[in-house]
Amino acid sequence: MIKLTLPDNSVREYESGVLALDVVKSISEGLARNVVGAVYDGKTIGLMEKINEDGAIKFLKFDDKEGKHIFWHTSSHIMAHAIKRLWPDAKLAIGPAIDNGFYYDIDLEYRLVQDDFEKIEAEMKKIVKEGLELERFELPRAEAIKFMDEKQEPYKVELINDLPEDAIISFYKQGDFVDLCAGPHLESTKKPKAVKLLSIAGAYWRGNENNKMLQRVYGITFEKAKELEDYLKMMEEAKKRDHRKLGKELDLFFMSEEGPGFPFFLPKGVEVKNELMKFWREMHRKAGYVEIESPLMLNKHLWEVSGHWYNYRENMYTTVIDEQDFAIKPMNCPGGILVYKNAMHSYKDFPMRVAEAGRVHRHELSGALHGLMRVRAFTQDDAHLFILPEQIKDEIKGVIKLIDEIYKQFGFSYKLELSTRPEKFLGEIKDWDLAEASLKAALDELELKYVINEGDGAFYGPKIDFHLTDCIGRTWQCGTIQLDYQLPQRFEMEYIGADGQKHRPIMIHRTAFGSIERFFGILIEQFAGAFPTWLAPVQVKVLPISDKFIDYAKKVKAELEALNIKVEIDERAEKIGYKIREAQLQKVPFMFVVGEKEAESDTVSVRERQKGDIGSMSIEEISNVILNKIKTRENDSPQLM
RNA sequence: GCUACUGUGGCGCAGCUGGUAGCGCAAUUGAUUCGUAAUCAGUAGGUCAGGAGUUCGAAUCUCCUCAGUAGCUCCA
């Protein structure tokens, strides 16, 4: 509940939720004259401030995040206004603010191209210069529909029709431009002086691929030109971390036209992946997991039982062997289940935690592919837990903790999402309800924040997803925990309970990395390719000053290799500066410069990638430092310091 | 899959309104043996994603296919 003190000292109360401050404006001239902003659950956002315990509010300045949203939301109106001026037949759909800027979906016969951006930007700047005041007004439903109909805005009419009965239908007007909008907005169009349109893309009306595809124009604005400049520079910098670029530069992996969506890993990429999996195996062993392997390909019968043949067929690679249909596995679970069914189990065996790093193939839509983040063949660090009903909550909590611990190793922060029953689902609703409640309970008991995605679960059960962020802020689902009552039934899985009777186990599917490929991609971007020493494909590069010292360099290399340190020599007849530059660009954690001085004293001159020259040390001394970093898996990537 | 854009030697790029391809890095050869982010010189390497068409003539124009990029849909 929000209390608003008006100039006449009367108090008005609002339900919690977003309160458009323009409402305040209309009722409280003087208190909130130039105010733009909103209050949410009594907390200040936008230009507002709580001034006393009652939750009264007064004019303030921008709060960072929400303030930006208001700024950009108004900017999206300015852009729509500009486009309407240039192409009066454009039909407006929706135009919200996003984390970095805003967009507007527009239905326009004419196809916008990059070259139109300048024109639109120029028109936007004109509107900014005009400093049009934004006015809010409300209309009853019938009038609102009539109004938008007259303006020939069919999408707006549809939006109004879908608003709940009691919704307040508000509009914002700036000059001759009016838009259906809940607000809030800036008081005038004069602030977003630095304007930049970023890209144009297609987007389905209301996100449904059966609907018409509209043109979505993305843009960003700032008050000052310098801010825009900084933003664009920052984006440029961020793009240097792109794993696709670094993957090439650092010889980690590549993609070939011959296998769209099927990544090739180069020796250095495999080194990193192997180290990653070593870490993974250690963590899982400690957490009480065993590991199995199941076949890549299984016959149609199995996929019919699992439900994949009917629910997932368009995504599976299939083939015929000896006149029998087979499918390459898109998921590891059925294989894991066959392993379970290979023997009779007792309740005493539970919880069983069975891991499998299994390569799966899914025929993803070509437009969905993206570097290592979205591929058609990937290795899931899967595991299936077979448990008793009373073990659900604790096992889920255990999995969450394990995933959290794994992510912490890399310094990741993550977002959690809980996805519930989809339209296409197997099994009984009551089982679904129970499963969803268990996942919620586990999250709540661990006091974790999460958002709920209604209807986003897998067809066999609800799930908790862990989302990680890439270099430009896109998030990718990595870890997932899915509770499943369906497959145990479909596969008639059993165990013998304390009562000597057969019972059905409950199954949890889970991944930590999600896909090793995707996780690797995120990792590359997180560290900008400068892997911590323990993960680095080359940990030490030995750089002889000249050919004369190659023998000594080889001796150094042999000593380090005996200690399992990954080392290379740069034997080329280049100057030391050149070799250092190259090793630095390859982001090798340690460089050993060896010349006459070192060969004589049996030492090396050590150069660390982030600190530069750290002086001359004996081989034993420096290898102890390195071994210790490897052993403790110290996060010494310069990106995290 | 959809919308828009892109596709030139291993990599990064240039090639204006059509007249049969250039640069830098890398590679390679030779010289240099040089102390902390690029030594000098030479050589080789591409029928311009693939196909069809327009044209006297196409990397440059048109169409189709493939691949990539951004976003949408979908998803780990």
Side-chain angles (χ1 to χ4, degrees), chain A residues 98 103 105 111-116 198-218 239 242 244-245 248-249 251 254-261 312 314-315 330-332 360 362-382 419 456 458 463 465-468 472 474 476-480 482 509-519 521-522 543-550 572-585 591-598 605-607 609 612-615:
Chain A
I98 50 178
Y103 65 78
D105 283 352
R111 291 285 152 200
L112 294 167
V113 292
Q114 294 267 338
D115 292 348
D116 294 322
L198 298 170
S199 67
I200 177 148
Y204 301 108
W205 165 237
R206 309 210 123 178
N208 185 329
E209 64 180 323
N210 298 316
N211 287 343
K212 185 168 185 183
M213 183 164 265
L214 310 173
Q215 301 188 65
R216 177 170 295 180
V217 187
Y218 287 85
K239 279 186 187 147
D242 191 312
R244 292 167 298 187
K245 184 169 148 49
K248 255 183 221 167
E249 287 173 6
D251 299 317
F254 70 95
M255 298 300 233
S256 163
E257 272 198 28
E258 314 289 337
Y312 204 75
E314 64 276 20
N315 281 315
M331 291 175 194
N332 298 306
V360 297
R362 300 180 183 177
H363 186 259
E364 302 291 351
L365 294 177
S366 59
L369 302 179
H370 181 100
L372 289 182
M373 305 297 200
R374 192 78 184 274
V375 292
R376 284 176 172 159
F378 58 99
T379 310
Q380 279 186 311
D381 65 319
D382 223 331
S419 300
D456 236 11
K463 57 179 187 167
D465 292 326
F466 292 69
H467 291 252
L468 297 176
I472 59 169
R474 287 177 292 214
W476 298 91
Q477 182 185 322
C478 289
T480 180
Q482 306 176 358
H509 311 248
R510 45 110 286 173
T511 64
F513 294 154
S515 130
I516 295 169
E517 287 75 4
R518 173 177 291 182
F519 196 79
I522 298 263
L543 311 175
I545 298 278
S546 80
D547 292 3
K548 292 182 212 156
F549 310 106
I550 287 180
R572 293 172 305 175
E574 295 290 350
K575 288 186 170 175
I576 192 65
Y578 181 86
K579 293 182 182 180
I580 286 172
R581 177 183 154 79
E582 196 138 300
Q584 189 76 41
L585 291 174
M591 287 161 251
F592 291 178
V593 176
V594 295
E596 193 176 359
K597 199 172 74 190
E598 290 78 11
S605 286
V606 182
R607 206 189 139 97
R609 85 188 138 186
D613 198 351
I614 57 169

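Here is how names work: the chains are called A, B, and so on, in the same order as the sequence lines, proteins then strands, and each is numbered from 1. Computed from heavy atoms alone, side chains included, the values below leave out hydrogens, waters and symmetry copies.
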**Student:** With a 3.5 angstrom cut-off on both distances, give the Watson-Crick or G-U wobble partner of B:rC16, or none if there isn't one.
**Tutor:**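 B:rC16 is paired with nothing.
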**Student:** For atom P, what is the distance between B:rG51 and B:rU69, given to the nearest Å?
**Tutor:**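 The same atom, P, in both gives a distance of 24 Å.
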**Student:** In whole Å, I'd like the distance from the CD atom of A:Gln380 to the P atom of B:rA76.
**Tutor:**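 These atoms are roughly 8 Å apart.
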**Student:** Taking the minimum atom-to-atom distance to the side chain of A:Asp613, which one of B:rA70, B:rC34, B:rU36 wins?
**Tutor:**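 Selected nucleotide (nearest to the side chain): B:rU36.
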**Student:** Taking the C1' atom in each of B:rU8 and B:rA59, what is the distance between them to the nearest angstrom?
**Tutor:**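 These two C1' atoms come out 7 Å apart once rounded.
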**Student:** Roughly how far apart, to the nearest Å, are B:rU3 and B:rU60 at atom P?
**Tutor:**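 Roughly 24 Å separates the two P atoms.
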**Student:** Between A:Gln482 and A:Ala458, is there a donor-acceptor pair closer than 3.5 Å when you use the side chain of the first and the backbone of the second?
**Tutor:**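 Such a contact is absent between A:Gln482 side chain and A:Ala458 backbone.
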**Student:** Between A:Gly371 and A:Ile576, name the one whose nearest nucleotide on RNA chain B is closer to the 5' end.
**Tutor:**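 Counting from the 5' end, the first nearest nucleotide belongs to A:Ile576.
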**Student:** From C-beta outward on A:Ala201, which listed nucleotide comes closest to its side chain: B:rA76, B:rG71, B:rG35?
**Tutor:**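 Looking only at heavy atoms from C-beta outward on A:Ala201, the closest nucleotide is B:rG71.
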**Student:** Has A:Gln215 got a side-chain atom pairing as donor or acceptor with A:Leu112's backbone, closer than 3.5 angstrom?
**Tutor:**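 Yes; judged by distance alone, with no hydrogens or angles, the pair exists.
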**Student:** When rounded to the nearest Å, what value does the distance between C1' atoms of B:rA52 and B:rG15 take?
**Tutor:**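 Comparing C1' positions in B:rA52 and B:rG15 gives a spacing of 25 Å.
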**Student:** With both distances under 3.5 angstrom, what nucleotide forms a Watson-Crick or G-U wobble pair with B:rA27?
**Tutor:**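 Matched B:rA27 with B:rU43 under the 3.5 Å cut-off.
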**Student:** Counting only Watson-Crick pairs (N1-N3 plus N6-O4 or O6-N4) and G-U wobbles (N1-O2, O6-N3), all under 3.5 Å, who is the partner of B:rU60?
**Tutor:**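 Partner of B:rU60: none.
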**Student:** Looking at side-chain heavy atoms only, is the closest gap between A:His363 and A:Glu314 below 4.5 Å?
**Tutor:**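 A side-chain contact is absent here, since even the closest heavy-atom pair is not under 4.5 Å.
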**Student:** Rounded to the nearest angstrom, tell me the gap between atom CE in A:Met213 and atom C1' in B:rC72.
**Tutor:**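 Going from CE in A:Met213 over to C1' in B:rC72 covers 5 Å.
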**Student:** What nucleotide, of B:rC75, B:rU36, B:rA67, holds the atom closest to the side chain of A:Ile580?
**Tutor:**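 Between B:rC75, B:rU36, B:rA67, the one nearest the side chain of A:Ile580 would be B:rU36.
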**Student:** Closest to the A:Arg607 side chain: B:rA76, B:rA37, B:rG35?
**Tutor:**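 The closest nucleotide is B:rA37.
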**Student:** What nucleotide, of B:rA76, B:rU69, B:rC74, holds the atom closest to the side chain of A:Arg244?
**Tutor:**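 Out of B:rA76, B:rU69, B:rC74, the nucleotide with an atom closest to A:Arg244's side chain is B:rU69.
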**Student:** Judged by each residue's nearest nucleotide on RNA chain B, which is more toward the 5′ side, A:Lys248 or A:Val375?
**Tutor:**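 Result of the comparison: A:Lys248.
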**Student:** Nearest to the side chain of A:Phe378 - B:rG71, B:rA4, B:rA76?
**Tutor:**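 The nucleotide sitting nearest to the side chain is B:rA76.
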**Student:** Distance from A:Arg609 atom CZ to A:Met591 atom CE, nearest 0.5 Å?
**Tutor:**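 If I round to the nearest 0.5 Å, the distance is 9.0 Å.
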**Student:** Identify which nucleotide among B:rA70, B:rA76, B:rU39 has an atom closest to any side-chain atom of A:His370, counting heavy atoms from C-beta outward.
**Tutor:**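 My answer, after comparing the listed nucleotides, is B:rA70.
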**Student:** Rounding to an integer number of angstrom, what distance separates B:rG57 and B:rG19 when you compare their C1' atoms?
**Tutor:**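 It comes out at 6 Å once rounded to the nearest Å.
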**Student:** With a 4.0 Å cut-off on heavy atoms, is A:Arg111 in touch with a base, just the backbone sugar-phosphate, or nothing at all?
**Tutor:**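 Result for A:Arg111 = sugar-phosphate.
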**Student:** With a cut-off of less than 4.0 Å, is there a side-chain N or O of A:Lys463 near OP1 or OP2 of B:rA76?
**Tutor:**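 Affirmative; the distance criterion is met.
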**Student:** Could you check whether the side chain of A:Glu598 and the base of B:rG35 have a donor-acceptor pair of N or O atoms closer than 3.5 Å, going by distance alone?
**Tutor:**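 Flag set: donor-acceptor pair detected.
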**Student:** Without decimals, in angstroms, what is the distance between A:Leu214 CG and B:rA4 P?
**Tutor:**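 To the nearest whole Å, that distance equals 13 Å.
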**Student:** Look at the side chain of A:Lys575 and decide which nucleotide, out of B:rU39, B:rA38, B:rA76, has an atom nearest to it.
**Tutor:**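 Closest nucleotide among those given: B:rU39.
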**Student:** So which nucleotide does B:rC75 pair with, by the Watson-Crick or G-U wobble rule with both distances under 3.5 Å?
**Tutor:**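 When the pairing criteria are applied, nothing turns out to pair with B:rC75, so the answer is none.
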**Student:** What is the distance from CG of A:Asp242 to P of B:rG12, rounded to the nearest Å?
**Tutor:**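 Result: 12 Å.
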**Student:** Would you state whether a donor and an acceptor, one from the side chain of A:Arg206 and one from the base of B:rC72, lie under 3.5 Å apart?
**Tutor:**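 Looking at the base of B:rC72, it does not pair with any donor or acceptor on the side chain of A:Arg206 (distance under 3.5 Å).
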**Student:** Sticking with atom P, work out how far B:rG9 lies from B:rA21, rounded to a whole angstrom.
**Tutor:**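 Looking at atom P only, B:rG9 and B:rA21 are 15 Å apart.
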**Student:** Figure out the CD/P separation between A:Glu364 and B:rA67, and round it to whole Å.
**Tutor:**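 Roughly 15 Å, once rounded to whole Å.
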**Student:** Measuring from the side chain of A:Ala573 (C-beta onward, heavy atoms only), which nucleotide among B:rG1, B:rG35, B:rC34 has the closest atom?
**Tutor:**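 Per side-chain heavy atoms of A:Ala573, the pick is B:rC34.
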**Student:** Any donor-acceptor pair under 3.5 Å joining the side chain of A:Arg216 to the base of B:rC72?
**Tutor:**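 No, no donor-acceptor pair under 3.5 Å.
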**Student:** Quick one: the side chain of A:Tyr204 and the base of B:rG71, do they pair up donor-acceptor inside 3.5 Å?
**Tutor:**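 Per atom types, no contact qualifies.
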**Student:** Let's test this: given Watson-Crick or G-U wobble pairing with both distances under 3.5 Å, identify the partner of B:rA49.
**Tutor:**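 Per the H-bond distance test, B:rU65.
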**Student:** Starting at OH of A:Tyr218 and ending at P of B:rU69, how long is that distance when rounded to a whole Å?
**Tutor:**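 The answer, rounded to whole Å, is 17 Å.
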**Student:** Sticking with atom P, work out how far B:rC64 lies from B:rU6, rounded to a whole angstrom.
**Tutor:**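 So the two P atoms sit 15 Å from each other.
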**Student:** Could you tell me the Watson-Crick or G-U partner of B:rU54, where both distances fall under 3.5 Å? Say none if there is no partner.
**Tutor:**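 Per the H-bond distance test, none.
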**Student:** Is it true that a side-chain atom of A:Arg518 and a backbone atom of A:Met373 form a donor plus acceptor pair closer than 3.5 Å?
**Tutor:**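 Answer holds: yes.
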**Student:** With a cut-off of less than 4.0 Å, is there a side-chain N or O of A:Arg572 near OP1 or OP2 of B:rA27?
**Tutor:**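 True: A:Arg572 side-chain N/O within range (under 4.0 Å) of B:rA27 OP1/OP2.
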**Student:** Are any of A:Ser546's side-chain N or O atoms less than 4.0 Å away from OP1 or OP2 of B:rC34?
**Tutor:**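 A:Ser546 to B:rC34 OP1/OP2: no side-chain N or O under 4.0 Å.
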**Student:** Nearest to the A:Leu365 side chain among B:rU36, B:rC5, B:rU73, which nucleotide is it?
**Tutor:**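 Nearest to the side chain of A:Leu365 among the choices is B:rU73.
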**Student:** When you measure from the side-chain N and O atoms of A:Arg474 to the phosphate of B:rG71, is any distance below 4.0 Å, counting only OP1 and OP2?
**Tutor:**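 It does, given that an N or O in the side chain of A:Arg474 lies less than 4.0 Å from OP1 or OP2 of B:rG71.
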**Student:** If I take atom CD in residue A:Glu596 and atom P in nucleotide B:rC34, what distance separates them, rounded to the nearest angstrom?
**Tutor:**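 Result: 9 Å.
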**Student:** Rounded to the Å, how far apart are A:Leu369 CG and B:rC66 C1'?
**Tutor:**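 My rounded result for the distance is 13 Å.
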**Student:** Looking only at side chains, do A:Thr511 and A:Asp382 share a donor and an acceptor under 3.5 Å apart?
**Tutor:**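 No, because no side-chain N or O of A:Thr511 sits under 3.5 Å from a partner of the opposite role on A:Asp382.
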**Student:** Taking B:rU33 as the reference, what is the distance to B:rC40 when you measure between their C1' atoms (whole Å, please)?
**Tutor:**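 It works out to 14 Å between them.
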